[in-house]
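Here is the naming used below: chain letters follow the sequence lines, and residue numbers restart at 1 for every chain.
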Amino acid sequence: MPELPEVETVVRGLRPLLDGQRIEQVEVRRADLRWPVPADLAKRLTGARVTGLGRRAKYGLVATDRGDTLIFHLGMSGRFRLDPGSLLAHDHLVIAAGGHRVVLHDPRRFGSVHLTPTAAAASHPLLAGLGPEPLDPDFDGACLAHAAERRTTSIKALLLDQRIVAGLGNIYANEALFRARIAPARAAGRIAGPRLDRLARAVKAVLVEAIAAGGSTLRDHVAVSGELGTFQHQFRVYGRGGERCESCGGPIRRFEHLGRATYACPRCQR
DNA sequence: ATGCACTCCTGAACGC
DNA sequence: TGCGTTCAGGAGTGCA
């Protein structure tokens with residue numbers, strides 16, 4: 001569910017709560033998430049002090065002074081609940097620190113939690129193969145052009161491939177392609193360089209705007225504070241099948257591409 | 001190597 | 001009201 005802007009929002013919410021705090025207690029209530037929760041996770045975290053929080057792609061990172069980094073992924077339905085009155089079904093992990101209880105809640109259990117030595121975090125299997133951060137300067141049109149060269153797969157598939165660029169999901173891929181006026185199903189290798197430059201800029205723009213809005217709230221995404229992200233009100237195509245394209249006035253089409261709901265204006269996007 | 005369908009799981013929304 | 005169906009923001013696996 002959560003894509004880069006939602007994870008960034010969550011990390012920014014956790015940072016003031018956890019950074020510099022000692023972890024007093026960790027409870028793993030359910031270990032069979034997308035991947036098994038490490039059996040020694042609670043033991044290794046309890047008593048450690050949090051030294052920093054960060055994000056890589058759609059993964060949240062929590063480093064401690066014991067040399068470990070907690071990695072979390074929210075999957076489709078994951079979120080954090082802060083200081084809940086009582087625990088609910090699907091509350092899988094409880095971390096008590098700094099006078100707060102932070103609870104990982106994930107009904108579908110597509111999310112996961114990992115622990116890795118901080119020094120080796122970049123080579124962790126889940127992180128090692130990731131492409132550049134879309135908001136970093138080294139992600140640009142040339143980078144996309146290199147990845148797209150001679151590829152017959154669609155440009156949307158390329159944007160969703162975390163090895164090419166890390167952090168986009170279905171919503172922001174759709175939105176970026178609309179802004180760049182590129183048809184989602186177009187073969188990646190058949191898009192001219194200047195159009196890929198435009199696409200890279202569109203990716204950055206939509207992510208920056210979404211982060212500023214606290215992400216998008218469709219079903220599950222809530223900032224740690226409980227605030228709702230509002231970027232869903234700024235979607236130009238996602239979820240707007242049948243509505244008018246804001247650019248040309250024609251109808252926005254919804255179709256399935258690669259098994260995912262895809263939204264585009266067939267007149268504006270080529 | 002590349003492209004893509006399938007799969008995991010649960011809850012919400014919808015149609016009858 | 002109740003039941004069955006469909007659909008979700010992800011991403012690893014396995015097949016052609």
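- Aromatic ring centroids of A:H105 and A:H92 lie 6.0 Å or more apart.
- Of the two residues near DNA chain B, A:S154 and A:H90, the one whose nearest nucleotide lies more 5' is A:S154.
- Distance A:H114 NE2 to C:dA11 P: 11 Å, rounded to the nearest Å.
- If you take CZ of A:R163 and P of C:dT13, they are 12 Å apart, rounded to a whole angstrom.
- For A:R109 against B:dC9, no side-chain N or O and base N or O form a donor-acceptor pair under 3.5 Å.
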- Take A:E209 and A:R179, measure what salt bridge (Lys or Arg N to Asp or Glu O under 4.0 Å) needs, and give me the verdict at the end. CA-CA 13 Å; A:E209 292 172 32; A:R179 290 176 183 225; 3.0 Å; yes
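- In this structure, A:F110 forms no aromatic stack with the base of C:dA11, since the conditions of centre separation below 5.5 Å and plane angle below 30° are not both met.
- Atom CG of A:L159 is separated from atom P of C:dG10 by 13 Å (rounded to the nearest Å).
- Taking atom CZ of residue A:F72 and atom P of nucleotide C:dG10, one finds them 16 Å apart after rounding to whole Å.
- A sub-4.0 Å separation between OP1 or OP2 of B:dG11 and a side-chain N or O of A:S77 is absent.
- Of the candidates B:dG11, B:dG3, B:dC4, B:dC4 carries the atom nearest the A:L258 side chain, counting heavy atoms from C-beta on.
- Looking at heavy-atom distances under 4.0 Å, A:R34 makes contact with a base.
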- Task: Walk me through it: do A:R55 and A:E133 pass the test salt bridge (Lys or Arg N to Asp or Glu O under 4.0 Å)?
- Result: CA-CA 10 Å; A:R55 178 192 57 73; A:E133 283 288 319; 2.9 Å; yes
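- Here C:dC7 presents its P atom at 14 Å from CZ of A:R260, a figure rounded to the nearest Å.
- Comparing C:dA11, C:dG10, C:dA8 by their closest approach to the side chain of A:E3 singles out C:dG10.
- Using a 4.0 Å cut-off, some side-chain N or O of A:T153 falls inside it from OP1 or OP2 of B:dC4.
- Put simply, the side chain of A:Q232 reaches to within 4.5 Å of the side chain of A:T217, judged on heavy atoms.
- When the nucleotides C:dA11, C:dA8, B:dG11 are ranked by their closest atom to the side chain of A:P107, B:dG11 comes out on top.
- What separates NE2 of A:H257 from P of B:dC4 is a distance of 7 Å, to the nearest Å.
- Salt bridge present: A:R163 and A:D161 bring a charged side-chain N and a carboxylate O closer than 4.0 Å.
- Nucleotide B:dC9 has no partner under the Watson-Crick or G-U criteria, as no pair reaches both atom distances under 3.5 Å.
- Heavy atoms of A:A261 sit under 4.0 angstrom from primed sugar atoms or phosphate atoms, though from no base atom.
- Between C:dG10, B:dG3, C:dG12, one nucleotide has an atom nearer to the side chain of A:N170 than all others, and that is C:dG10.
- Remark: the separation of the P atoms in C:dC7 and B:dA5 is 16 Å, to the nearest Å.
- A salt bridge is absent between A:R79 and A:D106; no separation between the charged side-chain nitrogens and carboxylate oxygens falls under 4.0 Å.
- A sub-4.0 Å separation between OP1 or OP2 of C:dG10 and a side-chain N or O of A:H73 is absent.
- The interatomic distance linking A:R108 (CZ) with C:dA8 (P) rounds to 10 Å, in whole Å.
- Comparing the same atom, P, in B:dA1 and in C:dA11 gives a spacing of 22 Å after rounding to whole Å.
- Note: OH (A:Y59) to P (C:dG10) measures 12 Å, nearest angstrom.
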